[in-house]
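The structure under discussion appears below in the form of structure tokens.
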2 protein chains.
Amino acid sequence: METSNILETHNLSKTPCRVDIIDTLLATEVALTEQQLKENLKFDYDRATIFRTLKTFSEKGIIHCVPVEGNEVYYAISKPNYKQTLSHAHFHCSTCGGVYCLNSISIAEPQLPDGFAAQGYELTINGCCRKCKE
Amino acid sequence: METSNILETHNLSKTPCRVDIIDTLLATEVALTEQQLKENLKFDYDRATIFRTLKTFSEKGIIHCVPVEGNEVYYAISKPNYKQTLSHAHFHCSTCGGVYCLNSISIAEPQLPDGFAAQGYELTINGCCRKCKE
DNA sequence: TATATATTTGCAACGTTGTTGCATTTGTGT
DNA sequence: ACACAAATGCAACAACGTTGCAAATATATA
């Protein structure tokens, strides 16, 4: 799906910042921190604008964020049914810091202690990614 | 293990702030945000002191932090062999926000794409906890 | 195509958090 | 009781999260 469709689907007007952010996230294989995102945008926008855009996109389910050890947050485009999917897995490379969405991974549901009911699973796998492996 | 032992084991001097923080984290069943931690300490300490103490404890493996959706970070006492354990699971209650360490859970290792090598697994299970279930 | 209106943006401001240097205070071994 | 290494509090600064408001802009409508 390309950028215009994504915005239309979610009833969002087509503004430069929104298009730029979605284009950038679509173009990158890995998830990006807000810093990395800014560096990759074609133009500069106000912090508040980017903040609000990311917030809107998160609420709409267009993107999702991945919190990683060290209190860093990465942003990635969501697959269309992301929000409906119970389990999400991400790979975090300890070497380059890259965060990959693992869309096709299924997470085995572990046995929980009595009284706990699971609604969703978020798995972060730390390790060494394809590019850093040599 | 009680507080004094923990500090001695890690070659850390026994200061009020350190003792207070470990006591507090040992006393609570759930992990705490920095805010919640501060509210539960017996005395007040400078922000920088708490920051440095948490950092020291994290490095030593005395505590670990759990990043949760919404960019919140929770701190919890680690079991003695925490750092050596490859897989960690935490339960995050969507209702009360409580974060529980699930020490006895084993995580099934999913199949990764070619070229990716896993070194550790962090699983966060979202749902409804024992206390909030009625 | 011009216009009206609802949105979005940039700017400014403020609170919080992460982080560090430095002088003072404190813990601990002698 | 003392000396020295270590920890603390204070101050300061950068980065981030967040909001109000006025100016600019996207889009539906005439």
Side-chain angles (χ1 to χ4, degrees), chain A residues 2-25 31-60 62-75 97 99, chain B residues 2-25 31-60 62-75 97 99:
Chain A
E2 85 263 6
T3 306
S4 298
N5 280 329
I6 294 177
L7 289 174
E8 278 168 29
T9 301
H10 293 276
N11 269 310
L12 295 172
S13 53
K14 192 175 166 183
T15 67
C17 180
R18 287 178 178 167
V19 173
D20 205 345
I21 288 182
I22 294 185
D23 279 349
T24 303
L25 287 179
L32 301 176
T33 63
E34 189 175 328
Q35 272 310 321
Q36 296 171 331
L37 174 64
K38 280 181 188 165
E39 288 162 15
N40 283 285
L41 291 176
K42 295 191 187 70
F43 302 99
D44 282 336
Y45 309 93
D46 190 76
R47 267 176 8 91
T49 303
I50 293 181
F51 167 76
R52 281 185 283 228
T53 302
L54 292 177
K55 193 178 176 188
T56 302
F57 286 178
S58 289
E59 285 163 3
K60 296 280 186 176
I62 298 174
I63 64 172
H64 59 274
C65 53
V66 188
V68 168
E69 56 159 296
N71 311 347
E72 277 195 307
V73 179
Y74 288 78
Y75 296 92
V99 170
Chain B
E2 86 262 9
T3 306
S4 297
N5 280 330
I6 295 176
L7 290 174
E8 279 168 30
T9 302
H10 293 276
N11 268 311
L12 295 173
S13 53
K14 192 176 167 182
T15 68
C17 180
R18 287 178 178 166
V19 172
D20 205 347
I21 288 182
I22 294 185
D23 279 348
T24 303
L25 288 179
L32 301 177
T33 62
E34 189 174 329
Q35 273 310 321
Q36 296 171 331
L37 174 64
K38 280 180 188 167
E39 288 162 15
N40 283 284
L41 292 176
K42 295 194 187 69
F43 302 100
D44 283 336
Y45 310 92
D46 190 76
R47 273 179 358 95
T49 303
I50 293 182
F51 167 75
R52 281 185 283 228
T53 303
L54 292 176
K55 193 177 176 190
T56 302
F57 285 178
S58 289
E59 286 164 2
K60 294 281 186 175
I62 297 174
I63 65 173
H64 59 275
C65 54
V66 187
V68 168
E69 55 160 298
N71 310 348
E72 278 195 306
V73 180
Y74 287 78
Y75 296 92
V99 170

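Please read all numbers here as calculations on a predicted model, not as lab measurements. Below, each value reflects all heavy atoms present in this structure, side chains not excepted, and no hydrogens, waters or symmetry copies. Order of the sequence lines sets the chain letters (A, B, ...), proteins ahead of strands, with each chain counted from 1.
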Check: Hey, what do you get for CD1 (B:Ile6) to CD (B:Glu2), rounding to the nearest 0.5 Å?
Finding: 8.0 Å

Notebook entry, point to check: Say you draw a straight line from NZ of A:Lys14 to CD1 of A:Ile22; how long is it, rounded to the nearest 0.5 Å?
Noted result: 10.5 Å

Check: Going 5' to 3' along DNA chain D, which nucleotides are the first and last within contact of chain A (any atom under 4.0 Å from a heavy atom)?
Finding: D:dC16 to D:dT27

Contacts under 3.5 angstrom, residues 41-54 of chain B side chains, donor-acceptor by atom type, not counting sequence neighbours:
from, atom 1, to, atom 2, distance (Å)
B:Tyr45, OH, B:Asp20, OD2, 2.7
B:Asp46, OD2, B:Ala48, N, 2.9
B:Thr53, OG1, B:Thr49, O, 2.7

Notebook entry, point to check: Mind checking whether A:Arg18 and A:Phe57 have side chains closer than 4.5 Å, heavy atoms only?
Noted result: yes

Item checked: Rounded distance (Å) that lies between atom C1' of C:dT8 and atom CZ of A:Arg18 -> 7 Å

Check: How would you list, by chain and number, every residue that makes a side chain to side chain donor-acceptor pair (under 3.5 Å) with B:Glu8, sequence neighbours excluded?
Finding: none

Next item on the list: Please report, rounded to the nearest Å, how far the P atom of C:dT17 is from the CG atom of B:Asp46.
Entry: 14 Å

Notebook entry, point to check: Which angle, to the nearest 10 degrees, lies between the helix axes at the two ends of the helix from C:dT1-D:dA30 to C:dT30-D:dA1, each defined by five pairs?
Noted result: 30°

Notebook entry, point to check: What is the per-nucleotide protein-contact pattern of nucleotides 22-30 of chain C, from the 5' end, where B denotes a base atom under 4.0 Å from a protein heavy atom, S denotes such proximity for sugar-phosphate atoms only, and - denotes neither?
Noted result: B----SS--

Notebook entry, point to check: Just to confirm, is there a sub-4.0 Å distance from OP1 or OP2 of C:dT16 to any side-chain nitrogen or oxygen of B:Gln35?
Noted result: no

Check: Rounded to the nearest Å, what distance is computed from the CZ atom of residue A:Phe57 to the C1' atom of nucleotide C:dT8?
Finding: 12 Å

Item checked: 4.5 Å side-chain heavy-atom contact, B:Thr33 and B:Tyr75 -> no

Margin query: Nearest whole Å is fine: how far is C:dG18 C1' from B:Lys55 NZ?
Written below: 9 Å

Note to self: Let me confirm one number: the OG1-CD1 distance from A:Thr3 to A:Ile21, rounded to the nearest 0.5 Å.
What the structure shows: 11.5 Å

Notebook entry, point to check: Is any side-chain heavy atom of A:Leu32 closer than 4.5 Å to a side-chain heavy atom of A:Leu25?
Noted result: yes

Margin query: Run the side chain to side chain contact (heavy atoms under 4.5 Å, CB included) test against A:Thr56 and tell me which residues pass, sequence neighbours left out.
Written below: A:Leu12, A:Lys60

Margin query: Let me spell it out: for each of B:Arg47 and A:Tyr45, pick the nucleotide of DNA chain C with the closest heavy atom. Which residue's pick is nearer the 5' end?
Written below: A:Tyr45

